[in-house]
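Notes follow the structure.
In the text below, chain A, chain B and the rest are named by the order of the sequence lines, each starting its count at 1.
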2 protein chains.
Amino acid sequence: MIINKTQIYAIRVLELLAQHKETPISAKTISQTLDIPYKYLTRVMTKLSLCQLIDSYRGKEGGFVIAKSPLEIQLQDIVDIFSNESPHQCICADGSMCGQNGKCILHDRWQNSKESIHQSFLNTTIGELST
Amino acid sequence: MIINKTQIYAIRVLELLAQHKETPISAKTISQTLDIPYKYLTRVMTKLSLCQLIDSYRGKEGGFVIAKSPLEIQLQDIVDIFSNESPHQCICADGSMCGQNGKCILHDRWQNSKESIHQSFLNTTIGELST
DNA sequence: TTCAAATACTATACAAAGGTAGTAATTAAA
DNA sequence: TTTAATTACTACCTTTGTATAGTATTTGAA
């Protein structure tokens, strides 16, 4: 698995918050704007808040605000939060294979592609997505 | 999802069969040799047989034999059999995003990586894996 | 102070991928 | 012909990712 739905949700949310740094945006608004299921979204938001990528404000007029400069948030930061794979796992997505008898049969072949994707996640920030 | 566990299983099986073209290899042997769950494996084998990548022989001394020249079987052939994604789906693995408001925010960025992986699957055959 | 709008928390449901179990059907060899 | 080894078929179980429901907590504004 290169990237899952939850991670895409999170990236899109951060992108939206990056465009409205001034006032908090509620989960309801985010849900409607980005067409993400409300209840699922709130759990994603809570996790982003715990990881301090965003600040949350309860109560009336509350919502979420991006906590850093968008240019300082790498896509990889967001992906990591919602990933259970170890960072250096092979693209084959099967932890049992790479490392036990050496490498899986695909390891070397896709290593370059994998590395290229990983570098993109590292090198691209939320701030750059809107440009 | 670039490639899942089942697809890796299938590729490894074909690679094994390619090394023993003469006599049928039983599912039991394959399961033990490649450390793939037996019952799950037999279902994969049946599907490979239906798709005519392998021939199956029932009864005593039965088993499976690769049905083509290993150099004629592209990895993509195998991947396709166990894939439910449409071939041109975006790497974001979320069909609802690419195509509705144009492209997803990641589409362009990972397009090159995706294409590179796809080309690898097309250009690499079972026969080349062992070399 | 009250109330409505909002996040936080917990439990549950659903769907897909991966895995297991049991039985039927087939077949070569003894 | 019998039997053991094998694939084929069908149903179910488990895990993980995604989604839903209900309630508690917080807080600004009327």
Side-chain angles (χ1 to χ4, degrees), chain A residues 1-10 12-13 17 23-65 67 79 81-85 89 92-97, chain B residues 1-10 12-13 17 23-32 34-67 79 81-85 89 92-97:
Chain A
M1 179 76 83
I2 294 297
I3 187 166
N4 61 32
K5 218 164 177 175
T6 307
Q7 289 161 335
I8 295 277
Y9 285 166
R12 296 174 67 212
V13 166
L17 294 185
T23 54
I25 307 183
S26 71
K28 187 183 175 191
T29 299
I30 296 171
S31 167
Q32 292 168 346
T33 305
L34 300 183
D35 192 29
I36 299 173
Y38 173 75
K39 281 291 192 177
Y40 193 72
L41 174 68
T42 58
R43 299 207 319 194
V44 171
M45 300 309 287
T46 299
K47 201 161 182 181
L48 288 173
S49 176
L50 284 173
C51 295
Q52 302 183 314
L53 285 188
I54 62 179
D55 295 319
S56 72
Y57 298 96
R58 285 185 163 194
K60 220 164 181 174
E61 312 284 299
F64 301 93
V65 176
V79 167
I81 291 172
F82 300 96
S83 172
N84 355 25
E85 297 178 4
Q89 188 163 347
C92 69
D94 182 354
S96 68
M97 279 162 47
Chain B
M1 178 78 82
I2 294 296
I3 187 167
N4 62 32
K5 219 164 176 175
T6 306
Q7 290 161 335
I8 295 277
Y9 285 165
R12 295 174 67 212
V13 166
L17 293 186
T23 54
I25 308 183
S26 71
K28 187 182 175 192
T29 300
I30 297 172
S31 167
Q32 291 169 346
L34 301 182
D35 194 28
I36 299 173
Y38 173 75
K39 282 292 192 178
Y40 194 71
L41 174 69
T42 58
R43 297 205 321 195
V44 171
M45 300 309 287
T46 299
K47 203 162 181 182
L48 288 172
S49 175
L50 285 173
C51 295
Q52 302 184 315
L53 284 188
I54 62 179
D55 295 319
S56 73
Y57 298 95
R58 285 185 165 195
K60 220 164 181 176
E61 312 284 297
F64 302 93
V65 176
I66 197 165
V79 167
I81 291 172
F82 300 95
S83 171
N84 358 26
E85 298 179 5
Q89 187 164 348
C92 69
D94 181 354
S96 68
M97 280 162 47

_Can you give me the closest heavy-atom contact between B:I54 and B:M45, atom names plus distance?_
CD1-O, 3.5 Å
*To the nearest Å, how far apart are A:I36 CD1 and D:dT20 C1'?*
16 Å
*Take atom CG of B:N4 and atom P of D:dT16, then tell me their distance rounded to the nearest Å.*
16 Å
*Spacing between B:R58 atom CZ and D:dA5 atom P, to the nearest angstrom*: 17 Å
*Integer-rounded Å distance: D:dA5 P and B:F64 CZ*: 17 Å
*For B:S56 and B:S49, which heavy atoms make the closest approach, and how far apart are they?*
OG-OG, 3.7 Å
_Over all atoms of both residues, closest heavy-atom pair of A:I36 and A:R12_ = CG1-NH1, 4.2 Å
_side chain to side chain contact (heavy atoms under 4.5 Å, CB included) partner of B:I30, chosen from B:I25, B:V44, B:T42_ = B:I25
*D:dT16 C1' sits how many Å from A:Q7 CD, rounded?*
14 Å
*For residues 23-31 of chain A, which residues have at least one heavy atom under 4.0 Å from DNA chain C?*
A:S26, A:A27
*Quick one: which of D:dA19, C:dT27, C:dG18 gets closest to the side chain of A:K5?*
D:dA19
*Quick one: do B:Q32 and B:K28 satisfy side-chain contact (heavy atoms from CB on, under 4.5 Å)? Show the steps, please.*
CA-CA 6 Å; B:Q32 291 169 346; B:K28 187 182 175 192; 3.7 Å; yes
*Given atom CD of A:E61 and atom P of C:dT7, what is their separation to the nearest angstrom?*
12 Å
*Nearest heavy atoms of A:Q7 and A:S83, plus distance in Å*: NE2-CB, 3.6 Å
*Minimum heavy-atom separation for A:L17 to A:F64, with atom names?*
CD2-O, 3.7 Å
*For B:I8 and C:dG18, what is the distance between atoms CD1 and P respectively, to the nearest whole Å?*
11 Å
*Between C:dT7 (C1') and A:D55 (CG): distance, integer Å*: 13 Å
_Under 4.0 Å, heavy atom to any atom of DNA chain D: which of residues 37-53 of chain B qualify?_
B:Y38, B:R43, B:T46
*State, without any angle test, whether A:Y40 and A:S31 hold a side-chain donor-acceptor pair at a distance under 3.5 Å.*
no
*Mapping A:K60 and A:S56 onto DNA chain C by nearest heavy atom, which one lands closer to the 5' end?*
A:K60
*Between B:L41 and B:A27, what is the shortest heavy-atom contact and its length?*
CD2-O, 3.3 Å
